[in-house]
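Notes follow the structure.
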Amino acid sequence: MTKVKTHFEESDVLIVGGGMAGTGATFEARHWGKDLKIVCVEKANIDRSGAVAQGLYAINCYMGMQWNENQPEDHVRYARNDLMGMVREDLGYDMARHVDSTVHMFDEWGLPMMKNEKTGRYLREGKWQIMIHGESYKPIVAEAAKKSADKIYNRIMITHLLMDDEKENRIGGAVGFNMRTGDYHVFKAKTVIVAAGGASHIFKPRAVGEGMGRTWYAPWSNGSAYALPIAVGAKMTQMENRIVLCRFKDGYGPVGAYFLHLKTYTQNANGENYEKKWYDHTKNLVGEYIDHHPTPTCLRNHAFIQEVMAGGGPIHMVTTEAFQDPHLETVGWENFLGMTVGQAVVWASQNIDPKYTNPELTTSEPYVMGSHATCSGAWVSGPEDLSPPEYFWGYNRMLTVDGLFGAGDTVGGSAHKFSSGSFTEGRLAAKAAVKYIEDKKAEGIKVSDKQCSDLKEVIYKPLENYTVGRNEITGGTVSPSYISPIQGLQRLQRIMDEYVGGIATNYMTNENMLNRGLELLKWLEEDLENVGAEDYHQLMRAWELKHRTVTSQCVTEHTKFRTETRWPGYYYRGDHLKLDDKNWHCLTVSRRDPKTKEFTMEKVPVYHIVDEKKEKKAS
Ligand SMILES: Cc1cc2nc3c(=O)[nH]c(=O)nc-3n(C[C@H](O)[C@H](O)[C@H](O)COP(=O)(O)OP(=O)(O)OC[C@H]3O[C@@H](n4cnc5c(N)ncnc54)[C@H](O)[C@@H]3O)c2cc1C
């Protein structure tokens, strides 16, 4: 690897990932740290990166406090209900009380917002969502970040975090490589904010073969947000809480605007309201949670999955009524133009005009994320004015590694942030990171040359594996000495799919399956020492796969630990099919020892700080 050039950069605040949370963090870091050096490193190009790359049609988290439409408490109640009780209410409240100011800035920066003609307020799609013409959402927030940062590095994938060699458990920066030039980049930093998005493609997707790459969540979200902190021993929470989405079949087109704005509804193949049919069955599993309003997302999925398993499919969205109204018909189509053009193309190819044919729905493969209707991610400190002692260790959104912060999909426990809430959480993390520096907590950090050169060797090893191993190829592309990233990815996806509750088993798993899954994941991890990369793009694929694998191990450990089915419709523990509030009304927290790579698990109380002060401790 002597040919690879090394670049060094030193900064005060280093932001890993320039998506919604990363751009928010970059912007806010400049506000509080006028004289600080702020650097953002992005795997793609921040103008069109992350889950919002192709735009959005709605901002899904806006309180409307100025008009008393909702208050932060309302949002906490909503997220708590949707997650079957399991959220960090301090984090959710903190995000909600600041999110409106974020949206007002988007408006000032030129994001076209739809307005209600009668009231002049933002046009509501639902209780929390406001509608936008959002094709250029990402370039607009990227501009704010570009104006704020000292430097934005595009096309650099961060593969590892650097640790302080002087003081244990303190961050020292991050390293990665440029996917175009292959250069090695060392970013020494006083604080690091990880904002690298969620994880798709860890479970086998429904679309394989010719459709591979068509997933609901961004295919380039590869779990770096989890793997980077896990590798340095940061604690994670609720990693079992994967998300399954009900979406239009084959194109994963969103259904939110259809349900909320077009008032469409679902039915089984016989035209029946199947959700009612599964009421008693669901009540038997989860008790009174099925009577909550709105019905938690996972329980709606549950009825869908059960109905299909009982032979009532396909399930359809009834669009033929709403689409008779020309305005609603336009909204229905425009909804896809803003963010999922592919769904319109799928319908055209399948001869579906939703005005005359009710389109099919399906449930997706599971994803791991912290900003949507689930809250997997890092275990972080909350804000000092809200958080109980177990949830507070000095700096808002700081992980259990000193100087390491998180935001957006990275952060666990705070669901339903979406794009605006993720940007807001980036702002909160950046403010705290600046304070950490001002409080002189980052003095005297030392990152040795050895640490940097050791990691350099590790990062480029897949290129070495390929260069050496290709000599043994006797035909085709298969070498006895290395596996390619795509082979490794398909192996990972099958393990997760078949043992950890993917579509192959209708989201079902149990302790025996999880144990087997863990065993297979361990062997995969060993084999990934021999992953081969023929160029820098494949090197990125190799590192994406390694990050996905570590994330998957953590998901599997968490799923095994929680011996109940808390979220039927997201996954099922066949050996513990019922929700068990007596023992599991708590958050799960894990830590992987960086040396032994073994996970330890613990239960942490879930505190209900809105409405009820009383805490329910799990035994
Ligand atoms: C299909 C879809 C529809 C959605 N619809 C809506 C909606 O209608 N309204 C709404 O408000 N929200 C919506 N969301 C949610 C919203 O997009 C997310 O909540 C938000 O983008 C999360 O922000 P984030 O910064 O955590 O992740 P992202 O915005 O995904 O950003 C992560 C960034 O990190 C970069 N990155 C990843 N790994 C690395 C690495 N190793 N090194 C360097 N950089 C890295 C990525 O390239 C990316 O730019 C939707 C999401 C999806 C996928």
Side-chain angles (χ1 to χ4, degrees), residues 14-25 40-62 99 102-103 106 125-126 128-132 134 137-138 141-142 145 153-161 174-177 179 185 187 193-200 215-228 243 245 247 251-257 260 335 338-340 342-343 364 367 369-373 377 406-411 415-426 429 540 543-544 546-548:
L14 175 69
I15 295 111
V16 177
M20 286 310 292
T23 49
C40 175
V41 186
E42 164 59 46
K43 186 171 79 165
N45 182 312
I46 70 161
D47 281 340
R48 283 283 171 193
S49 71
V52 179
Q54 61 176 326
L56 296 178
Y57 196 64
I59 289 176
N60 281 354
C61 186
Y62 179 71
V99 73
T102 291
V103 174
F106 294 164
E125 182 185 81
W128 306 104
Q129 300 82 354
I130 54 173
M131 299 176 77
I132 56 173
Y137 193 1
K138 190 64 213 302
V141 297
Y153 285 87
N154 287 316
R155 305 281 171 208
I156 292 181
M157 179 176 185
I158 294 297
T159 55
H160 299 81
L161 296 174
V175 293
F177 65 96
M179 284 130 31
H185 285 261
F187 298 96
I193 301 173
V194 173
S200 62
T215 53
W216 168 74
Y217 209 55
W220 45 82
S221 294
N222 67 287
S224 295
Y226 312 121
L228 292 169
I243 189 169
L245 298 113
R247 286 292 180 268
Y252 293 91
V255 295
L260 298 170
N335 184 237
M339 63 177 152
T340 318
Q343 185 64 53
S364 74
Y367 301 88
M369 53 191 301
S371 70
H372 213 269
D409 278 329
T410 307
V411 168
H416 288 278
K417 294 176 281 207
F418 294 98
S419 59
S420 47
S422 296
F423 190 96
T424 305
E425 203 169 46
M540 173 192 76
W543 279 103
E544 287 184 337
K546 282 168 181 264
H547 285 183
R548 284 187 165 106

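Atoms within a ligand are numbered from 1 in the order they appear, just like the ligands themselves. Throughout, numbering of the chain's residues begins at 1 and tracks the sequence.
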Subject >> Atoms in ligand 1 with a heavy atom of Ala195 nearer than 4.0 Å >> reply: 32 (C), 33 (C), 34 (O)

Original post:
When only distance counts, is Ala21 in polar contact with ligand 1, meaning an N/O pair under 3.5 Å?
Top reply: yes

Original post:
Under 3.5 Å, N or O to N or O, is Ser224 touching ligand 1 that way?
Top reply: yes

Original post:
Which heavy atom of the protein is the closest neighbour of atom 42 (N) of ligand 1, given with residue, atom name and distance?
Top reply: Ile158 N, 3.0 Å

Subject >> Thr410 N/O under 3.5 Å from ligand 1 N/O >> reply: no

Original post:
Looking at atom 53 (C) of ligand 1, what's its closest protein heavy atom, distance included?
Top reply: Tyr217 CD1, 2.9 Å

**OP:** In sequence, state the C-alpha distance, the side-chain angles, and the governing distance for Phe177 and His185, and then conclude on ring pair (Phe, Tyr, Trp, His ring centres under 6.0 Å).
**Re:** CA-CA 6 Å; Phe177 65 96; His185 285 261; 9.5 Å; no

Original post:
Going through the checks in order, is the side chain to side chain contact (heavy atoms under 4.5 Å, CB included) test met by Glu425 and Thr410?
Top reply: CA-CA 10 Å; Glu425 203 169 46; Thr410 307; over 6 Å; no

Original post:
Can you tell which of Ala196, Gly134, Ala218, Gly176 gets a heavy atom nearest to atom 39 (C) of ligand 1?
Top reply: Ala196

Subject >> Stepwise side chain to side chain contact (heavy atoms under 4.5 Å, CB included) check, Lys43 with Trp543 >> reply: CA-CA 12 Å; Lys43 186 171 79 165; Trp543 279 103; over 6 Å; no

**OP:** Enumerate the atoms of ligand 1 whose separation from the nearest heavy atom of Ser419 is less than 4.0 angstrom.
**Re:** 10 (C), 11 (O), 12 (N), 16 (C), 19 (O)

Subject >> atom 31 (O) of ligand 1 [closest protein heavy-atom partner, distance rounded to 0.1 Å] >> reply: Gly19 CA, 3.1 Å

Subject >> Tyr367 versus Asp409, side-chain donor and acceptor atoms under 3.5 Å >> reply: no

**OP:** Distance to 0.1 Å, residue and atom name: give those for the protein heavy atom nearest to atom 35 (C) of ligand 1.
**Re:** Glu42 OE1, 3.4 Å

**OP:** Decide yes or no for Lys138 and Thr23: does some side-chain heavy atom of the first lie under 4.5 Å from some side-chain heavy atom of the second?
**Re:** yes

Subject >> Heavy-atom nearest neighbour of atom 1 (C) of ligand 1 within options Tyr57, Tyr137, Trp216 >> reply: Trp216

**OP:** Quick one: pull up CD1 in Ile158 and CD1 in Ile15 and give me the separation to the nearest 0.5 Å.
**Re:** 11.5 Å

Original post:
In terms of atom number and element, which parts of ligand 1 are under 4.0 angstrom from non-hydrogen atoms of Ile156?
Top reply: 42 (N), 43 (C)

Original post:
atom 22 (C) of ligand 1: which protein heavy atom is closest, and how many Å away?
Top reply: Ser422 OG, 3.4 Å

Subject >> Identified ring-ring contact (aromatic ring centres under 6.0 Å, His included) counterpart of Phe423 within the set Phe106, Phe418, Tyr62 >> reply: Phe106

Subject >> Under 3.5 Å: donor-acceptor pair, side chain of Asn154, backbone of Ile46 >> reply: yes

Original post:
Quick one: does His372 get an N or O within less than 3.5 Å of an N or O on ligand 1?
Top reply: no

**OP:** Please report which non-hydrogen protein atom sits nearest to atom 29 (O) of ligand 1, along with the residue it belongs to and the distance in Å to one decimal place.
**Re:** Met20 N, 3.1 Å

Subject >> Atoms in ligand 1 with a heavy atom of Ala58 nearer than 4.0 Å >> reply: 7 (C), 8 (O), 9 (N), 10 (C), 11 (O)

Subject >> Donor-acceptor side-chain pairing of Thr102 and Thr424 below 3.5 angstrom >> reply: yes

**OP:** Taking only heavy atoms of Gly17 into account, list the atoms of ligand 1 that are under 4.0 Å away from them.
**Re:** 34 (O), 35 (C), 44 (N)

**OP:** Output the list of atoms in ligand 1 that are nearer than 4.0 Å to some heavy atom of Val52, sorted by atom number.
**Re:** 17 (O), 21 (O)

**OP:** Compare Val16, Val41, Leu56 and give the one whose heavy atom is closest to atom 13 (C) of ligand 1.
**Re:** Leu56

Original post:
Got Tyr226 and Met369 here, is their nearest side-chain heavy-atom distance under 4.5 Å?
Top reply: yes

**OP:** Can you sort out which atoms of ligand 1 are near Ser371, meaning under 4.0 Å from one of its heavy atoms?
**Re:** 18 (C), 19 (O), 22 (C)

Original post:
Does the pair Thr340 and Arg247 meet the rule for a side chain to side chain contact (heavy atoms under 4.5 Å, CB included), with working shown?
Top reply: CA-CA 11 Å; Thr340 318; Arg247 286 292 180 268; over 6 Å; no

**OP:** Check the pair Tyr252 / Leu245 against side chain to side chain contact (heavy atoms under 4.5 Å, CB included), numbers first and verdict last.
**Re:** CA-CA 9 Å; Tyr252 293 91; Leu245 298 113; over 6 Å; no

Original post:
Can you find a heavy atom in the side chain of Trp128 that is under 4.5 Å from one in the side chain of His416?
Top reply: no

Original post:
When you measure from atom 27 (O) of ligand 1 to each heavy atom in Ala225, Ala51, Ser221, Gly197, which option holds the nearest one?
Top reply: Gly197

**OP:** Output the list of atoms in ligand 1 that are nearer than 4.0 Å to some heavy atom of Gly408, sorted by atom number.
**Re:** 26 (O)

Original post:
Would you say the side-chain atoms of Ser200 pair up with the backbone N or O of Ala218, donor to acceptor, closer than 3.5 Å?
Top reply: yes

Original post:
For atom 45 (C) of ligand 1, what is the nearest protein heavy atom, given as residue, atom name and distance?
Top reply: Lys43 CB, 3.6 Å

Original post:
Got the closest protein heavy atom to atom 26 (O) of ligand 1, with its distance?
Top reply: Asp409 N, 2.8 Å

